[in-house]
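One structure below.
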Amino acid sequence: MRSHYCTQIDENDIGTEVTLCGWANSYRDHGGVIFIDLRDKSGLVQLVCDPVDSKEAHKVANEIRDEFVLIAKGKVRARGEGLENKNLKTGKIEVVVENLTVESKSEPLPFVINDPKVGEETRLKYRYLDLRKASSYETFRLRSKATIAARNILDANGFLEVETPILTKSTPEGARDYLVPSRVHGGEFYALPQSPQLFKQLLMVGGFDRYFQIAKCFRDEDLRADRQPEFTQIDLEMSFAGQEDVIKVSEDMLKAVFSACGISINIPFNRIPYHEAMEKYGSDKPDLRYDLAMVDVIDIFARCENEIFSNIAKNSHINRIKALKVPNGDNIFSKRQMKGFEDYVRKFGASGLGYFQLKEDGLKGPLAKFFSDADLEEIIKATDLKVGDVVFFGAGEKKLVLDYMGRFRIYLAELMEIIPDDVFEFVWVMDFPMFEVEDGRVKALHHPFTMPKDLDKENVEDIESIAYDIVLNGVELGGGSVRIHKPDIQEAVFKLLGISDEEAEEKFGFLVEALKYGAPPHAGLAFGLDRLMMLITKRSSIRDVIAFPKTQSAQCLLTQAPSPVANDQLRELSIRVRENKKA
RNA sequence: GCGGCGGUAGUUUAGUUGGUUAGAAUGCUGGCCUGUCACGCCGGAGGUCGCGAGUUCGAGUCUCGUCCGCCGCGCCA
């Protein structure tokens, strides 16, 4: 239909006959001449409808309103002296319309496209209108470029793109499943995959050697700004490969993806062991765009005269006393703010938050009287304090202290606005523990198919795994591991997880059996594509990079899904709804 | 499941101590206008104050419940 996109024409096309298609972005009727800004995916160009040029076109133009769909034929003309619009890419020219067709009319819109003040709720209800704005198009253009770049580089590296089932087996070990009732097998259910994990391992057993997939995954858990119930992973797996092979491929892929989005990044990325990340930053996904690392001061506190602290310090295996230095904090924060910090950490289970300020005449603060002068000096040395600095202390059970001090670190960085927003700080977090014990229950930190380094440790929590996460600016971008390819190790891990033989057989029997028929050593990784695009496009919400996202209560404002279904439909599926809360 | 914030014309919002006809901008609409580009000028329409109950002579305003949206906690092998 069209000869050009709106912004494809410029001064070189003056005198050329063009046909343009798009939407009326705005119209300005001067009684005689009518101006229309025509918009397509490329941008805007001004149409001029003058009765002198075409009475017919001017008559049609008279009826046009915002967002009518138009096909305009006309000649490109230079704008007169002083009539240029510098804000428009096509501001030096205009199209004199000779023939104008209204292809679709439009009701007045529920909101003005591109108005930054319009709330998200309204925009999501009419998502197709919100997508008309230039920034939306740019977001999804980049997303497309990114996935194509990922496909190309993985293809070039010998990876095979394979689709795995969307209707699959429920494995409620991890997140809650979305269930799909079976009509043919009344009372039985498929589940939507939380990830293609088991199938990609089976593809390795199948000899495909290298697999990838841009895979939709589903988890029925509560939403967050960076979490949707359905999301996309770039999922990959390699045979006869280990951690270093996966890391190399991943770094190459990320470099290609960022490059496709016009961003240059440096590889290889830094690495940090899990335990170091936890001890220094209180997080397994540390944001390393800023410092604020924690220092261990439990030895110094062991000698203090405050019983609370010295008692905590007695058991340095299960407890921690961490110092977090804030350079110049004494001059940045008011007394009132310092008090507020304690309230902040209390929300995460802290019983208090100690602090010292280094003044001209030494360390000051409520705790100072419990320490000898020598130990005060030790604190200054351990945390490398300068006059004007503040140092905060968290003390208590290890996991608790690391958690709330880690959150406090982020809270402070945001408050002080020291986080650069133009930096991409990647880090591999390495050597994750295999297990974690919660309320006496042993859980897999990654998943039960992760290769442990050594199962013969006395304490299961000391068993490490060959697992690695890729973290970007404090966001978990992806995670992977070397997988178990030997049935006896897999069975041993199930046993440690407290999964009985019968249960393991029922849930994962097909995997264990597959491992018995010659499984190659294999390893892989999965990236969260949505989060990746969120970071690349610098958005604060994952919804911005998903074409049709759901709200925090997992509803689609556009389609009103989920919604009740007719009884006939339920009967066919052998389902009876117990109660209808919403009716 | 829990905590915080919010819901008033189509949209973005103002609304004082509970008190006259809920105000503005923008959008919409009618008219005028041949060089605008957020066009301009004159006029007009448009409100279940999220919903339901309660207190009160009187509720947008106070109380309770409920729904929806956002942020977070739990949850997310």
Side-chain angles (χ1 to χ4, degrees), chain A residues 25-38 44-53 58 65-67 77 79-88 90-91 94 96 106-126 129 171-177 194-195 197-198 217-229 231 344 347-349 403-404 407 410-411 432 434-436 438 441-450 465 467 476 479 481 493-494 497-499 507-508 528 540-541 543 550-555 557 560 581-582:
Chain A
N25 195 65
S26 67
Y27 66 100
R28 297 175 290 281
D29 182 352
H30 287 259
V33 68
I34 296 171
F35 300 100
I36 299 164
D37 289 341
L38 189 71
L44 299 178
V45 71
Q46 175 164 280
L47 306 180
V48 188
C49 299
D50 193 320
V52 172
D53 299 305
H58 182 264
R65 295 292 179 270
D66 281 352
E67 299 303 315
R77 173 169 83 186
R79 293 199 186 190
E81 192 78 14
L83 297 176
E84 296 176 355
N85 183 350
K86 282 177 187 147
N87 297 324
L88 230 51
T90 54
E94 60 192 7
V96 183
S106 171
E107 302 271 308
L109 263 48
F111 61 92
V112 177
I113 290 168
N114 250 321
D115 183 347
K117 283 184 297 197
V118 177
E120 192 178 12
E121 198 173 348
T122 307
R123 290 185 291 110
L124 284 184
K125 187 171 173 192
Y126 302 95
L129 298 179
T171 52
E173 290 297 298
R176 276 178 273 245
D177 285 321
Q194 297 180 25
S195 94
Q197 180 62 35
L198 296 176
C217 303
F218 307 85
R219 293 178 191 173
D220 186 7
E221 295 296 344
D222 285 349
L223 284 70
R224 291 287 187 278
D226 63 351
R227 257 165 45 189
Q228 282 274 304
F231 60 99
Y344 179 79
K347 281 192 290 194
F348 302 103
D403 177 64
Y404 74 71
R407 291 175 192 269
I410 297 168
Y411 178 79
F432 273 75
M434 182 71 201
F435 303 103
E436 140 184 83
E438 231 167 56
R441 250 189 75 221
V442 180
K443 289 169 65 182
L445 209 71
H446 264 82
H447 54 61
F449 320 109
T450 302
S465 65
E476 184 191 328
S481 61
V493 167
F494 284 149
L497 286 168
I499 301 175
K507 283 177 177 160
F508 309 114
S540 52
S541 164
R543 294 181 298 277
K550 295 188 174 53
T551 65
Q552 196 171 43
S553 58
Q555 284 178 300
L557 295 179
Q560 295 296 317
K581 277 190 201 165
K582 282 191 180 170

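First the proteins, then the strands, lettered A, B, ... as listed; each starts at 1.
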* In terms of the nearest nucleotide of RNA chain B, which residue is placed more toward the 5' end: A/F348 or A/D37? -> A/D37

* Structure fact -> Whichever of A/D403 and A/E121 has the more 5' nearest nucleotide on RNA chain B, that residue is A/E121

If you compare every side-chain N and O of [X] against the phosphate oxygens of [N] (OP1, OP2), does one of them come in below 4.0 Å?
{"X": "A/Q46", "N": "B/G35", "answer": "no"}
{"X": "A/R28", "N": "B/C39", "answer": "yes"}
{"X": "A/R65", "N": "B/U29", "answer": "yes"}
{"X": "A/R224", "N": "B/C73", "answer": "yes"}
{"X": "A/S553", "N": "B/G69", "answer": "yes"}
{"X": "A/S26", "N": "B/C37", "answer": "no"}

In whole Å, measure the gap between the [atom1] atoms of [N] and [M] for me.
{"N": "B/C70", "M": "B/C62", "atom1": "P", "result": "25 Å"}
{"N": "B/U36", "M": "B/U21", "atom1": "C1'", "result": "39 Å"}
{"N": "B/G40", "M": "B/G46", "atom1": "P", "result": "25 Å"}
{"N": "B/U66", "M": "B/A9", "atom1": "C1'", "result": "25 Å"}
{"N": "B/C68", "M": "B/A77", "atom1": "P", "result": "26 Å"}
{"N": "B/U20", "M": "B/G15", "atom1": "C1'", "result": "15 Å"}
{"N": "B/C39", "M": "B/G27", "atom1": "C1'", "result": "16 Å"}

Base of [N], side chain of [X] - is there a donor-acceptor contact under 3.5 Å?
{"X": "A/D66", "N": "B/G27", "answer": "no"}
{"X": "A/Q552", "N": "B/C71", "answer": "yes"}
{"X": "A/R79", "N": "B/C37", "answer": "yes"}
{"X": "A/R407", "N": "B/G72", "answer": "no"}
{"X": "A/E94", "N": "B/G35", "answer": "yes"}
{"X": "A/R227", "N": "B/G72", "answer": "no"}

* Donor-acceptor side-chain pairing of A/Q555 and A/S553 below 3.5 angstrom -> yes

Look up atom [atom1] in [X] and atom [atom2] in [Y], then write down how far apart they are to the nearest 0.5 Å.
{"X": "A/R79", "Y": "A/Q46", "atom1": "CZ", "atom2": "CD", "answer": "4.0 Å"}
{"X": "A/I499", "Y": "A/F508", "atom1": "CD1", "atom2": "CZ", "answer": "5.5 Å"}
{"X": "A/I113", "Y": "A/Y126", "atom1": "CD1", "atom2": "OH", "answer": "13.0 Å"}

* Asked: Is A/E221 salt-bridged to A/R227, going by a charged N under 4.0 Å from an acidic O?
  -> no

Regarding [X], tell me which of base, sugar-phosphate or nothing describes its non-hydrogen contacts under 4.0 Å with the strands shown.
{"X": "A/G80", "value": "nothing"}
{"X": "A/Q228", "value": "nothing"}
{"X": "A/R543", "value": "sugar-phosphate"}
{"X": "A/S541", "value": "nothing"}

* **Over all atoms of both residues, closest heavy-atom pair of A/D177 and A/D220** => O-CB, 3.9 Å

Whole angstrom is fine here: how far is it from [atom1] in [X] over to [atom2] in [N]?
{"X": "A/Y27", "N": "B/G40", "atom1": "OH", "atom2": "C1'", "value": "14 Å"}
{"X": "A/D222", "N": "B/G4", "atom1": "CG", "atom2": "C1'", "value": "16 Å"}
{"X": "A/H30", "N": "B/G31", "atom1": "NE2", "atom2": "P", "value": "17 Å"}
{"X": "A/F111", "N": "B/C28", "atom1": "CZ", "atom2": "P", "value": "14 Å"}
{"X": "A/L557", "N": "B/G69", "atom1": "CG", "atom2": "C1'", "value": "8 Å"}
{"X": "A/H446", "N": "B/C76", "atom1": "NE2", "atom2": "P", "value": "15 Å"}
{"X": "A/F35", "N": "B/G35", "atom1": "CZ", "atom2": "P", "value": "7 Å"}
{"X": "A/K117", "N": "B/G27", "atom1": "NZ", "atom2": "P", "value": "11 Å"}

* **Partner nucleotide of B/G60 by Watson-Crick or wobble geometry (both distances under 3.5 Å)** => none

* Asked: Counting distance only, does the side-chain N/O of A/H58 pair as donor-acceptor with the main-chain N or O of A/G32 below 3.5 Å?
  -> yes

* Structure fact -> Only residue of A/I34, A/D37, A/I36 satisfying side-chain contact (heavy atoms from CB on, under 4.5 Å) with A/R28 is A/D37

